[in-house]
Student: 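One structure, as C-alpha cells, below. Some questions next.
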Amino acid sequence: MLQVNYIRENLDLVVERLAVKNFDAAEIVKQVIELDDQRKSTQSELDNIKAESNSLAKQIGMLFKEGKIKEANETKTRTAELKIKDKELKEKLDQVKADLEKALYEIPNIPHASVPAGKSDADNEVISEEGKIPQLSKKALPHWELADKYKIIDFDLGSKVTGAGFPFYRGKGARIQRALINFFLDEAADAGYLEYQTPLMVNEASGYGTGQLPDKEGQMYHVGEDNLYLIPTAEIPVTNIYRDVILKEADFPVKNVAYSQCFRREAGSYGKDVRGLNRLHQFDKVEIVQIQHPDKSYETLEEMKAHVANLLRKLGLPFRVLRLCGGDVSFTSALTFDFEVYSAAQERWLEVSSVSNFENYQANRMKLRFKGNNGKTQLAHTLNGSALALPRILAALLENNQCEEGIRIPKVLQKYTGFDMI
RNA sequence: GGAGAAAUGGCAGAGUGGUCGAAUGCGGCGGUCUUGAAAACCGUUGAGGUGCGAGCCUCCGGGGGUUCGAAUCCCUCUUUCUCCGCCA
C-alpha cells in the first residue's frame, strides 16, 4: 500500500497518476488524510492519559512504600477515571486505524511515469518483437488436438478426476513438463538466483503481504477449515519470506527463484481463452523474485526482462514484449512488461510471463525494510516475474514445432527430455 | 490425536508484581594501541508512533483479563520441544 506521508506530500500527483490506472482517487485520498489526522490526535490524547497514569502509578508505589496508605488510596480514585478514558480512546484509536488501513488497501499502486494511458489490454504498447513466426502446413493442428493425437495430455481424464482445467500429463507430455521446469531452474541458477521450494498454501497475512488479499480474494482457492489459501503464484511465499524483515544494504540484490504449482479459480473466464492449455486452474510456473535498493529497482527490472527474453530465445519461440497500459497493469504494480509467444496453429499471442516492479507498495504492506549505509531504515523495492509459466509455452512449442514426423523438441531441452521428437 | 514443558533484543541467556526497554556474554559498529592484523581496553549498538526539539507513548510470540502498576499473575490462540499414538 501507499505510505500516508507520501500521499500527504504528493496529493495532486497521486490523484493525477492514479487516473492513468482509471482510478479516481480524489475522494479516498481525502478520506485517508482525515483518518490519519484523527489517528494522530487520538493517539496523542491517549499518550497523555497514559503518561499521567504511569506517573500516578509510580507515585502510588512510593506512597505504599512510605506507608501513606490513605494518600495512596486517594490517588487511586484518579487513576480509575483515567482508566475509563484510556479504554474509550483505545477503542476509538483501533477503529480509526482499521478504517485507515481499509482505505489504504483500496488505493492501487501509482503507475510509473512510462505507463501509457489505456482502458484494456488492447491499449498495451508493443515495445519489441523477435523470432520468426513459423509457416505451418494446412494440416497443422491446435495443441489440444496434438495432445490427443500423441496422447501426451489428457484433458478429459482431468475433468473426470477433478474438473475442467486440471489436465493429466502423460508419458512424453509429463517428461517435457519436467524438462521445462529443470531448464528454467538451471537458467535461473546460472543467473544467480537462489532456489526455493515453498509451501503451496499460505496464510492470510501472506496474502495481504503481497497484495492478493483483499484485492483478488475470489481468484484464490481457499481452504476454509484451516483458513489457508492455495497459492496462485510462488511470488506469495517467496516474497513473504521477507515479511517483517530488515535487510542490510549489503544484502541487495536478493535473488530468489521457485518452481511451484499454481492454483487459480479463474472465475469469469470462458470460451476460446480457456481451450486446452490456454487457461488452467492448476499449472506449473518458475517464478523469479528480487528485492532491491530503491535506487536500483528499474535496472533490475531490465535485467529480469532480459532473463525472460533469453529463455524464449533459447526455446526458439517467436515473442513480443508489451508495456502494460494503465488499465491492464495490476493493482499492486508500478510497471509491468508482459511477454507473449506466438502460437502458430491458434494464430494468436499467448501471455507467458509478466515482469513487474512493485516499488515499495508490497514492502510497505509487509514491512520489508533495509538499514541503509546512512543508518536509516527504509522500505525496499520488490520485483517479480514468471520465468516461465509452462502451459502456454508447451502449447506454443507443440503447435510451432509440429511437422510430418511429429513434434520437434528444442535443442536446449533435449538433455532434459532424453528424446528429440514426440 | 493425547499428556507435559517452553516462547525475552542479531544470537545465547538473566529477570517471577513497582524507577525493566530489560542484567550479562557473544556478535555488529566506532575508537585507543599496532607498520598492518589479532588480542586487550574504552565507547556504542532493537523497532515503531508523535513532536522543531527536550520529551512523551507503544512493543518481552498474538489477543484478552486481573491490578494503582504486568516481561513477571490468569484466560485464550499460535508456534517450538519432550513423551505416547498414528503415519508418507
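Numbers restart at 1 for each chain; the letters A, B, ... are given by sequence-line order, proteins then strands.
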Student: Counting only Watson-Crick pairs (N1-N3 plus N6-O4 or O6-N4) and G-U wobbles (N1-O2, O6-N3), all under 3.5 Å, who is the partner of B/G55?
Tutor: B/U50
Student: Sticking with atom P, work out how far B/G10 lies from B/A47, rounded to a whole angstrom.
Tutor: 8 Å
Student: When the distance from CD of A/Glu91 to P of B/G63 is rounded to whole Å, what number comes out?
Tutor: 16 Å
Student: Base, sugar-phosphate or nothing for A/Thr79? Non-hydrogen atoms, less than 4.0 Å.
Tutor: sugar-phosphate
Student: Between B/C86 and B/U67, how far apart are the two C1' atoms, rounded to whole Å?
Tutor: 46 Å
Student: When you check the phosphate oxygens OP1 and OP2 of B/G69, does a side-chain N or O of A/Lys76 lie under 4.0 Å from one of them?
Tutor: no
Student: Given the P atoms of B/C81 and B/A71, what is the spacing between them in whole Å?
Tutor: 28 Å
Student: Find which nucleotide of RNA chain B each of A/Lys90 and A/Asp47 is nearest to by heavy atoms, and output the residue with the more 5' nucleotide.
Tutor: A/Asp47
Student: If the P atom of B/C56 is compared with that of B/A38, how far apart are they to the nearest Å?
Tutor: 40 Å
Student: Take A/Ser44 and A/Glu52, find for each the nucleotide of RNA chain B with the closest heavy atom, and name the residue whose nucleotide sits nearer the 5' end.
Tutor: A/Ser44
Student: Grab the CG-C1' distance between A/Asn48 and B/C57 for me, whole Å please.
Tutor: 9 Å
Student: State whether A/Lys97 and A/Glu101 are salt-bridged, where the test is any N-O pair (Lys NZ or Arg NE/NH1/NH2 against Asp/Glu carboxylate O) under 4.0 Å.
Tutor: no
Student: Whole-Å distance between B/G69 P and A/Ile49 CD1?
Tutor: 14 Å
Student: Give a yes or no on whether a salt bridge exists between A/Asp86 and A/Lys90, defined as a side-chain N under 4.0 angstrom from a carboxylate O.
Tutor: no
Student: Rounded to the nearest Å, what distance is computed from the NZ atom of residue A/Lys97 to the P atom of nucleotide B/G63?
Tutor: 11 Å
Student: Please determine, for B/U35, whether a Watson-Crick or G-U wobble partner exists with both distances under 3.5 Å, and give it or none.
Tutor: none
Student: Name the nucleic acid region contacted by A/Thr377, choosing base, sugar-phosphate or nothing; use a 4.0 angstrom heavy-atom cut-off, strictly under.
Tutor: sugar-phosphate
Student: Report the distance from atom CD of A/Gln43 to atom C1' of B/C59, rounded to the nearest whole Å.
Tutor: 12 Å
Student: Tell me: NZ of A/Lys50 to P of B/C57, nearest whole Å?
Tutor: 10 Å
Student: Can you tell me, in whole Å, how much space there is between the C1' of B/C73 and that of B/C83?
Tutor: 29 Å
Student: Can you find a donor-acceptor N/O pair under 3.5 angstrom joining the side chain of A/Asn54 to the base of B/G69?
Tutor: no
Student: Measure CD/A/Gln3 against P/B/G48 and give the value in whole Å, please.
Tutor: 12 Å
Student: Does A/Arg369 reach a base, just sugar-phosphate, or nothing at all? Heavy atoms under 4.0 Å.
Tutor: sugar-phosphate
Student: Using a 4.0 Å heavy-atom cut-off, does A/Lys371 contact any base of the nucleic acid, only the sugar-phosphate backbone, or nothing at all?
Tutor: sugar-phosphate
Student: For B/U32 and B/U82, measure between their P atoms and round to the nearest Å.
Tutor: 49 Å
Student: Give the nucleotide from the list B/U58, B/U50, B/G69 with an atom nearest to the side chain of A/Arg39.
Tutor: B/U50
Student: Roughly, in whole Å, what's the span from CG in A/Asp244 to P in B/G10?
Tutor: 12 Å
Student: Taking side chain to side chain contact (heavy atoms under 4.5 Å, CB included) as the criterion, tell me which of A/Val20, A/Thr336, A/Asp328 meets it with A/Val115.
Tutor: A/Val20
Student: Evaluate whether atom CZ of A/Arg243 has more than 12 neighbouring non-hydrogen atoms of other residues, nucleotides or ligands under 6.0 angstrom away.
Tutor: yes
Student: Using atom C1' in both nucleotides, what's the gap between B/G9 and B/G21 to the nearest angstrom?
Tutor: 9 Å
Student: Let me know which of A/Glu303, A/Gln292, A/Glu359 forms a side-chain hydrogen bond (donor to acceptor under 3.5 Å, both in side chains) with A/Tyr298.
Tutor: A/Glu359
Student: Please determine, for B/C86, whether a Watson-Crick or G-U wobble partner exists with both distances under 3.5 Å, and give it or none.
Tutor: none
Student: Go ahead and name the base partner of B/C81; Watson-Crick or wobble counts if both distances stay under 3.5 Å, otherwise write none.
Tutor: B/G4
Student: Taking all non-hydrogen atoms of both residues into account, name the closest pair between A/Val32 and A/Ala103 and its distance.
Tutor: CG2-CB, 3.8 Å
Student: Can you tell me the Watson-Crick or wobble partner of B/G10, both distances under 3.5 angstrom?
Tutor: B/C26
Student: What's the gap between B/G15 and B/C60 when it is taken at their C1' atoms, as a whole Å value?
Tutor: 11 Å
Student: Are A/His293 and A/Phe370 close enough, and set up right, to give a ring-ring contact (aromatic ring centres under 6.0 Å, His included), and what steps lead you there?
Tutor: CA-CA 8 Å; A/His293 190 287; A/Phe370 70 98; 5.0 Å; yes
Student: Under 3.5 Å for both donor-acceptor distances, Watson-Crick or wobble: does B/U19 have a partner, and if so which one?
Tutor: none
Student: Could you check which nucleotide pairs with B/G69 in any of the strands shown, counting Watson-Crick or G-U wobble with both distances under 3.5 Å?
Tutor: none
